[in-house]
Amino acid sequence: DTEVTQTPKHLVMGMTNKKSLKCEQHMGHRAMYWYKQKAKKPPELMFVYSYEKLSINESVPSRFSPECPNSSLLNLHLHALQPEDSALYLCASSQVGGAGYTFGSGTRLTVV
Amino acid sequence: DAKTTQPTSMDCAEGRAANLPCNHSTISGNEYVYWYRQIHSQGPQYIIHGLKNNETNEMASLIITEDRKSSTLILPHATLRDTAVYYCIALRPSNTGKLIFGQGTTLQVKP
C-alpha cells in the first residue's frame with residue numbers, strides 16, 4: 001500500500017459544529033503532517049508528528065486540534081471554525097528525517 | 001533551508017521537453033533539491049530529488065549545476081497530464097525537517 005487516504009473528501013460545517021478529518025497510511029512511515037491550502041496558494045504546514053508525538057505546531061489556532069492515536073492514523077479535530085478556515089486540508093507522511101513525502105488527495109472544507 | 005526562486009509560469013508544447021528552472025544560490029552543502037508537483041485539486045506528488053549529481057527516474061530528470069546554485073527539472077516528453085504547479089524545494093533532511101512550499105511554477109502544456 002503506497003497511499004495516504006483522507007476522509008471525508010468534502011465537508012461542509014457550521015461555525016458551531018465539531019468535526020474531524022481523518023488520515024491513514026500503511027507504509028510504515030513514522031512522520032505525519034497536516035497542511036492547509038487556500039485557493040491558488042501553496043500548501044502551508046500546520047503540524048508535524050514524529051513517532052506519534054507532536055513535534056511542530058506552526059502557530060496554528062487552538063480551534064484546530066491534531067491527534068495521532070497510532071502510527072497509521074492522524075486526525076484533525078475542528079471546533080468553532082471561521083469561514084476563512086475554508087480550504088483544502090492535506091495530510092502527508094514520510095520516513096522520519098526523509099523528505100520524500102506521500103500526500104493524500106485532501107479534504108475540501110467549507111465553513112458556513 | 002535555502003530559499004528557491006522559480007518563474008511564475010511557463011508554457012510547453014505537447015510532446016516537447018519541458019525544462020523548469022530553479023535558482024537556489026544560497027544552498028548549503030548538505031541541502032538536497034526536491035521537486036514536487038501538484039495537479040489541480042490533488043495532493044502534491046513527489047517527482048525527484050538530488051544533492052550533487054544529475055538524477056533520472058521514470059518521471060523526470062534533474063540537472064544540478066556544478067556550483068549547485070541552480071537546477072533544472074526536465075520532463076522529456078510533456079503531455080497534457082503534466083499541466084501542474086511544480087515546486088522546487090531545498091531541504092536538509094533531519095528529524096526536525098519540514099517541507100515548505102514556495103510559489104512554484106505553473107506549467108501549462110498545450111496541444
Side-chain angles (χ1 to χ4, degrees), chain A residues 2-7 9-10 21 23-25 27 29-60 74 87-110, chain B residues 1-9 20 22 24 27-28 30-51 55 57-60 62 71 73 83-108:
Chain A
T2 58
E3 290 187 346
V4 171
T5 303
Q6 290 189 243
T7 54
K9 293 197 181 305
H10 300 273
L21 310 185
C23 173
E24 191 167 5
Q25 58 89 13
M27 294 176 281
H29 290 169
R30 302 299 296 277
M32 296 186 76
Y33 314 84
W34 280 114
Y35 283 80
K36 173 182 177 179
Q37 186 173 26
K38 302 283 278 185
K40 300 189 184 302
K41 297 290 186 182
E44 295 178 16
L45 182 65
M46 299 175 72
F47 301 104
V48 179
Y49 272 82
S50 180
Y51 298 110
E52 296 85 67
K53 294 192 188 311
L54 182 65
S55 60
I56 295 175
N57 176 341
E58 292 286 285
S59 302
V60 178
L74 185 66
L88 180 67
Y89 289 84
L90 294 160
C91 173
S93 70
S94 75
Q95 300 289 353
V96 174
Y101 290 25
T102 301
F103 282 83
S105 296
T107 294
R108 188 158 302 277
L109 174 69
T110 303
Chain B
D1 298 314
K3 178 178 167 60
T4 61
T5 305
Q6 300 176 251
T8 302
S9 63
L20 291 92
C22 180
H24 31 79
I27 197 168
S28 61
N30 59 357
E31 285 184 299
Y32 286 72
V33 178
Y34 282 81
W35 284 84
Y36 281 75
R37 75 179 182 184
Q38 187 173 22
I39 295 169
H40 182 61
S41 295
Q42 298 182 20
Q45 176 189 25
Y46 164 81
I47 301 173
I48 198 167
H49 74 281
L51 183 62
E55 302 288 343
N57 63 21
E58 64 279 3
M59 289 182 67
L62 174 61
S71 61
L73 179 74
T83 293
V85 180
Y86 288 78
Y87 297 101
C88 169
I89 302 167
L91 182 64
R92 179 187 318 110
S94 75
N95 288 351
T96 56
K98 46 189 184 181
L99 199 68
I100 303 298
F101 292 86
Q103 296 303 310
T105 296
T106 299
L107 175 69
Q108 182 73 48

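None of these values were measured; they are calculated from a predicted model. Below, chains carry the letters A, B, ... as their sequence lines are ordered, and counting in each starts from 1.
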- Task: For a side-chain contact (heavy atoms from CB on, under 4.5 Å) with B:R37, tell me which candidate from B:L20, B:I47, B:V85 qualifies.
- Result: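 So the option named by the test is B:I47.
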- Query: Which bit of B:Y32 comes within less than 4.5 Å of chain A, counting heavy atoms only: side chain, backbone, both or neither?
  - Reply: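 Neither; nothing under 4.5 Å.
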- B:T106 versus chain A, heavy atoms under 4.5 Å apart: side chain, backbone, both or neither?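 For B:T106, no heavy atom lies under 4.5 Å from chain A.
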- Can you check whether B:S71 reaches B:L62 side chain to side chain, under 4.5 Å on heavy atoms?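 Yes. Closest side-chain heavy atoms under 4.5 Å.
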- Item | Segment of A:E58 engaging chain B (4.5 angstrom heavy-atom cut-off) |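 Looking at A:E58, just its side chain touches chain B.
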- Item | Which portion of A:Q37 sits near chain B, non-hydrogen atoms under 4.5 angstrom |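 A:Q37 touches chain B through side-chain heavy atoms alone.
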- Task: Please state whether the rings of A:F103 and A:Y35 are parallel, tilted or perpendicular, taking 30° and 60° as the class boundaries.
- Result: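 A:F103 and A:Y35: tilted rings.
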- Message: Is it true that, when you exclude A:K38 itself, more than 12 heavy atoms of the residues, nucleotides or ligands shown sit nearer than 6.0 Å to its NZ?
- Response: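 Count over threshold, so yes.
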